[in-house]
K.L.:
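Here it is, the structure, as structure tokens.
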Amino acid sequence: MMKPAVLMLSAALLAAPLAAQAPVRQVPPVLVDTRPSLVAVQSLFDAYVRDDRMPGIVGAFGRGDTPTLFPAAGHVSDDPGAALAGPDTLWRVYSMTKPITGMAAMILIDEGKLKLDQPISDFFPGFAHMRVLTSPDTSLDSVPAKAPITVRNLLTHTAGLGYNIITKGPLLKEYERLGIIPASVNVTVEAEMRKARPATLSAFAERVATLPLIAEPGTKWSYSIGLDVLAAVIEKASGMPFERFVQTRLFAPLKMTSSYWTVPRSEVGRLSTNYLFTGDARTPLDPARNSAWLSPPSFPYGGAGLVTSARDYDRFLHMLADEGTLDGVRVMSPQAVRLGLSNLLPAGVTFGGVGGGTGGTQAATPMGFGAGGSVYLADGPGGYPGKGTYGWGGAAGTIAFVDPVRKVRGTVMVNYFPADKYPLREQVGRALVADAIRLHGAW
């Protein structure tokens, strides 16, 4: 069995060997966006790099069909001679993979190959007789589940599935023993994970079906491997490998040419380095030159597997804002987009937010949950975020949202653990509102 310390991505345990070899670094010069539109955002980005809180940061912000703005500062890493950070820099987006998997499912639902409330046992019979833990944190004692896990449950984290970053006690040990760890960290951790992890997406789903649930399906929101299991369902329903379906139906028509499950060696020069903070000291966790993403994963992780650029993710969000089209090419039907951006939580289930360290969000404004991302059910303070805003973030600090009413979208790319080291999400929001008021008189 693998050591829990390896699998929990513990900052303290991972930092110890890295801190000893932390390089002496120079504070990199700032790359200033010469366009005046996003003065407050650019100033924020400049300050983060100037104060050496991160080597580089890139944003992608758009309103309607006007050209996307890409404020940026710094470099892709602390290494001497590292490339400037920009629209085409590659970043590990971790859980920002989830909205892409969610929308892939919405395409199949729209085509009738999946149904929102269809039991996933139709595709993986092992899920037909699930059991529910009676004391999830302390025991593996369980009782038969009363309801089936459905596609809706996978989309909205209401299936009762666990997650190694949240699950505790005996169930966590079972997740570790069976390799239910659908994510990459670096080559060292990946080598350990592969010893137990299933070799295919189907085998992963079948193994998940042997484990008990933490809650009755459809009764509780709990962050989970639901989108990873959904990737396996998409593979079965579409009749093609999950990564091929995403490439064929989303990436290719959207011209997302910098989105990878495995980064080609030829692109390593624009791959950022992921860092780990111990206090205020940052050390390389996944250096670009020998990144875990330069080798194929065990299988494509539908919940946390993508590396992509600010330009590419903006094209995905732009398509959602335009109800399924981009550059005259229809990728999803308007109905599929609207459904995916709506609150899909089962009746009686609420979403109260999740800790920022996972890439999620917390807010006083009421929220629901759509196809792999949160949905604001009312306007936030001052109208930001607006009612209907959908989005999610990543465990390495990335942020993404789209407001389908105002046709506003935003992406922020950084790479460091923990994601909530800095209040970047809140600061970007305030800066965006300030820029919008200056430019338009209102958000």
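Small disclaimer: the values here were computed from a predicted structure and weren't measured. Each residue takes its place number in the sequence, starting with 1.
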K.L.:
How long is the span from the CD1 atom in Ile166 to the CG atom in Leu161, to the nearest 0.5 Å?
P.N.:
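These two atoms lie 12.0 Å from each other.
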K.L.:
If every non-hydrogen atom of Leu344 is compared with every non-hydrogen atom of Ala371, which pair is closest and at what distance?
P.N.:
CD1-N, 3.8 Å
K.L.:
May I ask you to test the Leu154-Ser224 pair for a side-chain heavy-atom distance under 4.5 Å?
P.N.:
no
K.L.:
Shortest non-hydrogen contact from Ser309 to Trp91?
P.N.:
CA-CD1, 4.5 Å
K.L.:
Tell me, with the steps shown, if Glu176 and Lys173 meet salt bridge (Lys or Arg N to Asp or Glu O under 4.0 Å).
P.N.:
CA-CA 5 Å; Glu176 293 169 351; Lys173 294 185 185 301; 5.6 Å; no
K.L.:
Tell me whether the count of non-hydrogen atoms from other residues, nucleotides or ligands lying under 6.0 Å of CZ in Arg330 goes above 12.
P.N.:
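Yes, the 6.0 Å shell around CZ holds more than 12 heavy atoms from other groups.
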K.L.:
Please check if the side chain of Trp221 supplies one atom and the backbone of Val349 the other of a donor-acceptor pair under 3.5 Å.
P.N.:
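No; judged by distance alone, with no hydrogens or angles, the pair does not exist.
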K.L.:
Is there a donor-acceptor pair closer than 3.5 Å between any side-chain N or O of Asp435 and the backbone N or O of Val41?
P.N.:
yes
K.L.:
Answer yes or no on whether Arg244 is positioned over the face of Trp261, meaning its NZ or CZ is under 6.0 Å from the six-membered ring centre and within 45° of the axis.
P.N.:
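Judged by the rule, Arg244 and Trp261 form no cation-pi pair.
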K.L.:
Find out whether Pro385 and Phe401 are in side-chain contact, i.e. whether some heavy atom of one side chain is under 4.5 Å from a heavy atom of the other.
P.N.:
no
K.L.:
Answer yes or no: is there a side-chain heavy-atom contact under 4.5 Å between Val329 and Met319?
P.N.:
no
K.L.:
Show the numbers, then the answer: is there a side chain to side chain contact (heavy atoms under 4.5 Å, CB included) between Met106 and Leu339?
P.N.:
CA-CA 8 Å; Met106 299 314 298; Leu339 184 61; 3.4 Å; yes
K.L.:
Kindly confirm or rule out a cation-pi arrangement of Arg53 over Tyr422, judged by NZ or CZ under 6.0 Å from the six-membered ring centre and within 45° of its axis?
P.N.:
yes
K.L.:
Before giving the answer on ring-ring contact (aromatic ring centres under 6.0 Å, His included), spell out for Phe369 and Tyr223 the whole-Å C-alpha distance, their side-chain angles and the decisive distance to 0.1 Å.
P.N.:
CA-CA 11 Å; Phe369 215 84; Tyr223 207 27; 7.9 Å; no
K.L.:
Report yes or no: does Thr210 contribute a side-chain atom to a donor-acceptor pair with the main-chain N or O of Arg207 at less than 3.5 Å?
P.N.:
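It does hold such a pair.
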K.L.:
Distance check, rounded to the nearest 0.5 Å: Arg338 atom CZ versus Leu320 atom CG?
P.N.:
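Output value for this atom pair is 13.0 Å.
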K.L.:
To check you understand the geometry: which heavy-atom pair defines the closest contact between Leu140 and Pro170, and what is its length?
P.N.:
CG-CB, 3.6 Å
K.L.:
To the closest 0.5 Å, what do you measure between CD1 (Ile107) and CG (Leu250)?
P.N.:
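Taking CD1 in Ile107 and CG in Leu250, the distance rounds to 4.0 Å.
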K.L.:
So, are Arg282 and Asp78 salt-bridged, with charged N and O less than 4.0 Å apart?
P.N.:
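Counted as a salt bridge, because a side-chain N and a carboxylate O are separated by less than 4.0 Å.
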K.L.:
Should Leu44 and Val428 be marked as a side chain to side chain contact (heavy atoms under 4.5 Å, CB included) after you check the CA-CA gap, both sets of side-chain angles, and the distance that decides it?
P.N.:
CA-CA 8 Å; Leu44 174 67; Val428 168; 3.9 Å; yes
K.L.:
Side-chain contact test, heavy atoms from C-beta onward, threshold under 4.5 Å: evaluate it for Ser222 versus Tyr163 and give yes or no.
P.N.:
no
K.L.:
Indicate whether the side chain of Arg92 and that of Ser272 have a donor and an acceptor atom separated by less than 3.5 Å.
P.N.:
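Present: a donor and an acceptor within the cut-off.
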K.L.:
For Ala304 and Ala183, which heavy atoms make the closest approach, and how far apart are they?
P.N.:
CB-CB, 4.3 Å
K.L.:
Looking at Ser142, is its backbone amide N or carbonyl O close enough to the side chain of Arg131 to form a donor-acceptor pair, meaning the two atoms are under 3.5 Å apart?
P.N.:
yes
K.L.:
In sequence, state the C-alpha distance, the side-chain angles, and the governing distance for Val268 and Val263, and then conclude on side chain to side chain contact (heavy atoms under 4.5 Å, CB included).
P.N.:
CA-CA 7 Å; Val268 70; Val263 177; 5.7 Å; no
K.L.:
Evaluate the side chain to side chain contact (heavy atoms under 4.5 Å, CB included) criterion for residues Met96 and Thr308: first the C-alpha distance (whole Å), next the side-chain angles of each, then the deciding distance (0.1 Å), finally the verdict.
P.N.:
CA-CA 10 Å; Met96 268 167 50; Thr308 187; 5.8 Å; no
K.L.:
If only side-chain N and O atoms count, and only distance matters, is there a donor-acceptor pair under 3.5 Å linking Arg249 with Ser238?
P.N.:
no
K.L.:
Which heavy atom in Met130 sits nearest to a heavy atom in Ala209, and how many Å separate them?
P.N.:
SD-O, 3.4 Å
K.L.:
Out of curiosity, Leu155 CG to Leu230 CG, how far, rounded to the nearest 0.5 Å?
P.N.:
5.0 Å
K.L.:
Using the test ring-ring contact (aromatic ring centres under 6.0 Å, His included), find all partners of Trp293 that sit at least two apart in sequence or belong to another chain.
P.N.:
Tyr94
K.L.:
Keeping Arg152 on the side-chain end and Ala159 on the backbone end, is there a donor-acceptor pair under 3.5 Å?
P.N.:
no
K.L.:
Donor-acceptor check, side chain of Gln118 to backbone of Val151, threshold 3.5 angstrom: yes or no?
P.N.:
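Answer holds: no.
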K.L.:
Taking the side chain as everything from C-beta on, heavy atoms only, tell me whether Phe124 gets closer than 4.5 Å to Glu206.
P.N.:
yes
K.L.:
Can you tell me if Asn274 uses its side chain to pair, donor with acceptor, with the backbone of Tyr416 under 3.5 Å?
P.N.:
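A pair under 3.5 Å: yes.
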K.L.:
Minimum heavy-atom separation for Phe61 and Gly410, please, with both atom names.
P.N.:
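Smallest heavy-atom distance, with atoms named: CD2-CA, 3.6 Å.
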K.L.:
Cation-pi between Lys236 and Phe123: NZ/CZ under 6.0 Å from ring centre and within 45° of the ring axis?
P.N.:
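Geometry flag: not set, cation outside 6.0 Å or 45°.
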K.L.:
Please check this pair: side chain of Asp137 against backbone of Gly169, looking for a donor-acceptor N/O pair closer than 3.5 Å.
P.N.:
no
K.L.:
Are Phe45 and Tyr48 an aromatic pair by the rule of ring centers under 6.0 Å?
P.N.:
no
K.L.:
So, taking the atom named OH in Tyr390 and the one named CG in Asp403, what distance separates them when rounded to the nearest 0.5 Å?
P.N.:
14.0 Å
K.L.:
Kindly check if the number of other-residue, nucleotide or ligand heavy atoms within 6.0 Å of NZ (Lys220) is above 12?
P.N.:
no
K.L.:
For Lys255, is there an ion pair with Asp327 - N to carboxylate O distance below 4.0 angstrom?
P.N.:
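Salt bridge absent between Asp327 and Lys255.
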K.L.:
Could you check whether any side-chain heavy atom of Tyr275 comes within less than 4.5 Å of a side-chain heavy atom of Met54, counting everything from C-beta outward?
P.N.:
no
K.L.:
Does any N or O in the side chain of Gln335 come within less than 3.5 Å of the main-chain N or O of Asp110, such that one atom is a donor and the other an acceptor?
P.N.:
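No: the side chain of Gln335 does not pair with the backbone of Asp110.
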K.L.:
Going through the distances and angles, do Arg197 and Glu190 end up as a salt bridge (Lys or Arg N to Asp or Glu O under 4.0 Å)?
P.N.:
CA-CA 10 Å; Arg197 190 191 285 135; Glu190 182 66 8; 2.8 Å; yes
K.L.:
Will you find, in the side chains of Thr68 and Arg315, an N or O donor that is under 3.5 Å from an N or O acceptor?
P.N.:
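No.
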K.L.:
Should Val375 and Leu341 count as side-chain neighbours, where that means a heavy-atom distance under 4.5 Å?
P.N.:
no
K.L.:
To the nearest 0.5 Å, what is the distance between CD1 on Ile214 and CG on Leu133?
P.N.:
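Reported value, rounded in 0.5 Å steps: 8.5 Å.
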K.L.:
List the steps, then state whether ring-ring contact (aromatic ring centres under 6.0 Å, His included) holds for Tyr313 with Phe316.
P.N.:
CA-CA 5 Å; Tyr313 210 91; Phe316 171 67; 5.5 Å; yes
K.L.:
Do the side chain of Thr273 and the main chain of Ser77 share a donor and acceptor less than 3.5 angstrom apart?
P.N.:
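Checking the backbone N and O of Ser77 against the side chain of Thr273, no donor-acceptor pair under 3.5 Å is found.
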K.L.:
Using a 4.5 Å cut-off on heavy atoms from C-beta on, say whether the side chain of Tyr376 contacts that of Met367.
P.N.:
yes
